[in-house]
K.L.:
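My questions will all concern the structure given below.
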Amino acid sequence: MNNNHSDALVVGAGLAGLVAAAELADAGKTVTLVDQEGGNSLGGQAHWSLGGLFLVDSPEQRRMRIKDSAELALQDWLGSAGFDRAEDHWPRKTAEAFVEFAAGEMRAWLHGQGMRWFPVVGWAERGGSTATGHGNSVPRFHITWGTGPGVVAPFERRVRDHMDKGRITLKTRHRVSRVLTTDGRVTGVAGEVLAPSTVARGERSSRDVTGDFELRAGAVLVTSGGIGGNHDLVREYWPRDRLGEPPASMVSGVPHHVDGRMIAITREAGAAVINSDRMWHYTEGLKNWNPIWPNHGIRIIPGPSSMWFDANGRRLPAPCLPGYDTLATLKEILRSGHDYSWFVLDQSIIEKEFALSGSEQNPDMTSGQWKEVLKSRLGKGAPPPVEAFKRHGEDFVVADDLKTLVDGMNRLTGEHRIDYQRLHAELAARDRQMDNPYAKDAQITAIHGARHYLGDKLFRAAKPHKMLDPAHGPLIAVRLHILTRKTLGGLHTNVDGQVLGTDGQPVPGLYAAGEVAGFGGGGYHGYNALEGTFLGGCIFSGRNAGRHAATVI
Ligand SMILES: Cc1cc2nc3c(=O)[nH]c(=O)nc-3n(C[C@H](O)[C@H](O)[C@H](O)COP(=O)(O)OP(=O)(O)OC[C@H]3O[C@@H](n4cnc5c(N)ncnc54)[C@H](O)[C@@H]3O)c2cc1C
């Protein structure tokens, strides 16, 4: 490989880029892998992730007595996606192919590369409406041992092995600003060399330019991630027709490098961009008391028991229950005219039900050591990172009685929107539903339902109890922000990762994978995600793009 020419160029060394580069190099191709961040940032967002993967009919599910199938998973996927646009042809085809992969080869392929999963399968996005609507009918969220770093490790290992052999060249602090074409074919990229960076992984690095570069290749694969770290772009593409005006304030669930620049740059080279208005932002964001990146937010992954109120103290209706329907809940919260909402819960619920998303918030599982997991999860109190948020987080109010709690909530926002009598009436009415093992309240029914699943009963759903009973105190209120995370639309591709132009034909020499391509196809989730499908989509689309490009270079 001469310094400026390789068989393939991969733009972005996140998970999708690592997978694509490893596949290309395995096929004997020379690869230049460029990233705007420093060498300590390999793996991109996936490093920070919880490492949850959507797998179907896995041994882990079977051991937990979960009956799953490709047919049920596809029913759930299509019910969630709601594909309804002409340009949804490839997103849908990619979704169908992914579900087949997730129910087939995926686990064995990853297992063969050394990945293992936590034995208790999580039940994310339960939907809460009808069998043909949104949500996972069964638990499918498989947390990888070692969390995000455990997902990155096998692909980083493969890339580094190829670097040692001289097949892959890594160029860090190289920011791509142009995709180059020759006679209608993509033949390279150009951009700026950024000043060396000494910041820790995840921290905002400088954009000081020290020079220019130009690189040529037989194919260019764009794997540059989504737009979640760029709130201006999030606001520009916000689906006002479906969700109303974007929130005035949001926290960032992704590092600063998730800037979305490459989408417009790739469009300039002839790529079509579709489904830009489809996004996946969370409604349970906390301001990180110990931030790494700017405006750093952490998502609570809640169990089913916290009561959910909007900024005015109005209880959210089903299916807007914790962990059920992210998009419906976002819409409901914004309908209040405010950009935050409240969880009201108690100590028994926080101990069993609060999990925080992110590898650094789960040091026990990230360590991959059983001893650490048992100490953290079965010890007294909530896991230490949750307790730390309760102690230091600016969004938490803790009180022994409801009156004091309400005073604290109103003090925190300075808005005095929460009325004690009204909140008390809601909690008392809810508590009365606890006298029988069945109820009319959809949330209480959901709690009983969850506890029929062994994994929830053991780890995720608190024993049904009355929240006004001081034995379960103190009471806790948590102010929840909107947290930006995933981009569901993006560069339009076919299942092989070839980028399509506005005429629907492949742009010669151009591929895309991972979040920049809506995780495959230009948006294989449609409107709603089933969770664990983002890392899975990066792996699937990175593999497909790398393998296909290798056959044509
Ligand atoms: C805290 C957290 C928890 C998560 N948990 C889960 C989970 O449990 N399960 C799940 O499925 N998903 C999860 N996700 C989502 C998932 O991690 C991401 O969607 C996925 O890792 C995106 O990978 P990517 O390779 O497409 O992009 P990225 O990881 O964003 O990588 C893109 C890379 O491209 C580089 N780049 C961008 N533009 C340029 C340019 N112009 N020039 C050069 N380089 C450029 C960036 O610096 C970056 O390194 C989580 C995400 C976060 C942040």
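Both counts, for ligands and for their atoms, begin at 1 and track the order of listing.
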K.L.:
Flag this pair as yes if the NZ/CZ of K486 is under 6.0 angstrom from the six-membered ring centre of F534 and inside a 45 degree cone about the axis; otherwise no.
P.N.:
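Yes, K486 and F534 form such a contact.
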K.L.:
Run the numbers for me: atoms of ligand 1, each under 4.0 Å from some heavy atom of G14, listed by number.
P.N.:
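Close to G14: 25 (O), 29 (O), 31 (O), 33 (C).
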K.L.:
Are W109 and F540 an aromatic pair by the rule of ring centers under 6.0 Å?
P.N.:
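Ring centroids of W109 and F540 are no less than 6.0 Å from each other.
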K.L.:
Is R485 near ligand 1, meaning one of its heavy atoms is under 4.0 Å from it?
P.N.:
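The answer is yes, since R485 has a heavy atom less than 4.0 Å from ligand 1.
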K.L.:
Does F141 have its ring centroid less than 6.0 Å away from the ring centroid of W123?
P.N.:
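So the answer is no for these two rings.
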K.L.:
Run down the list G191, A16, S252, G52 and name the one with the heavy atom closest to atom 25 (O) of ligand 1.
P.N.:
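Checking each option, the heavy atom nearest atom 25 (O) of ligand 1 is found in A16.
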K.L.:
Yes or no: does F54 have any heavy atom under 4.0 Å from an atom of ligand 1?
P.N.:
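No, F54 has no heavy atoms under 4.0 Å from ligand 1.
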K.L.:
Would you say the ring centroid of Y324 lies under 6.0 angstrom from that of H134?
P.N.:
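Y324 vs H134: aromatic centres not under 6.0 Å.
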K.L.:
Please work out which of S224, G226, C538, S357 has its closest non-hydrogen atom nearest to atom 37 (C) of ligand 1.
P.N.:
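The nearest heavy atom belongs to S224.
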K.L.:
Does some non-hydrogen atom of R299 fall short of 4.0 Å from ligand 1?
P.N.:
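Contact check R299 vs ligand 1: negative.
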K.L.:
Using heavy atoms and a 4.0 Å limit, tell me yes or no: is S41 in contact with ligand 1?
P.N.:
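Flag not set, S41 not near ligand 1.
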K.L.:
Any ion pair linking D456 and R126 (charged N to carboxylate O, less than 4.0 Å)?
P.N.:
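Between D456 and R126 there is a salt bridge, with a charged N closer than 4.0 Å to a carboxylate O.
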K.L.:
Ring pair (Phe, Tyr, Trp, His ring centres under 6.0 Å) with H525: which of W77, W280, F83?
P.N.:
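Exactly one option meets the ring pair (Phe, Tyr, Trp, His ring centres under 6.0 Å) with H525, and it is W77.
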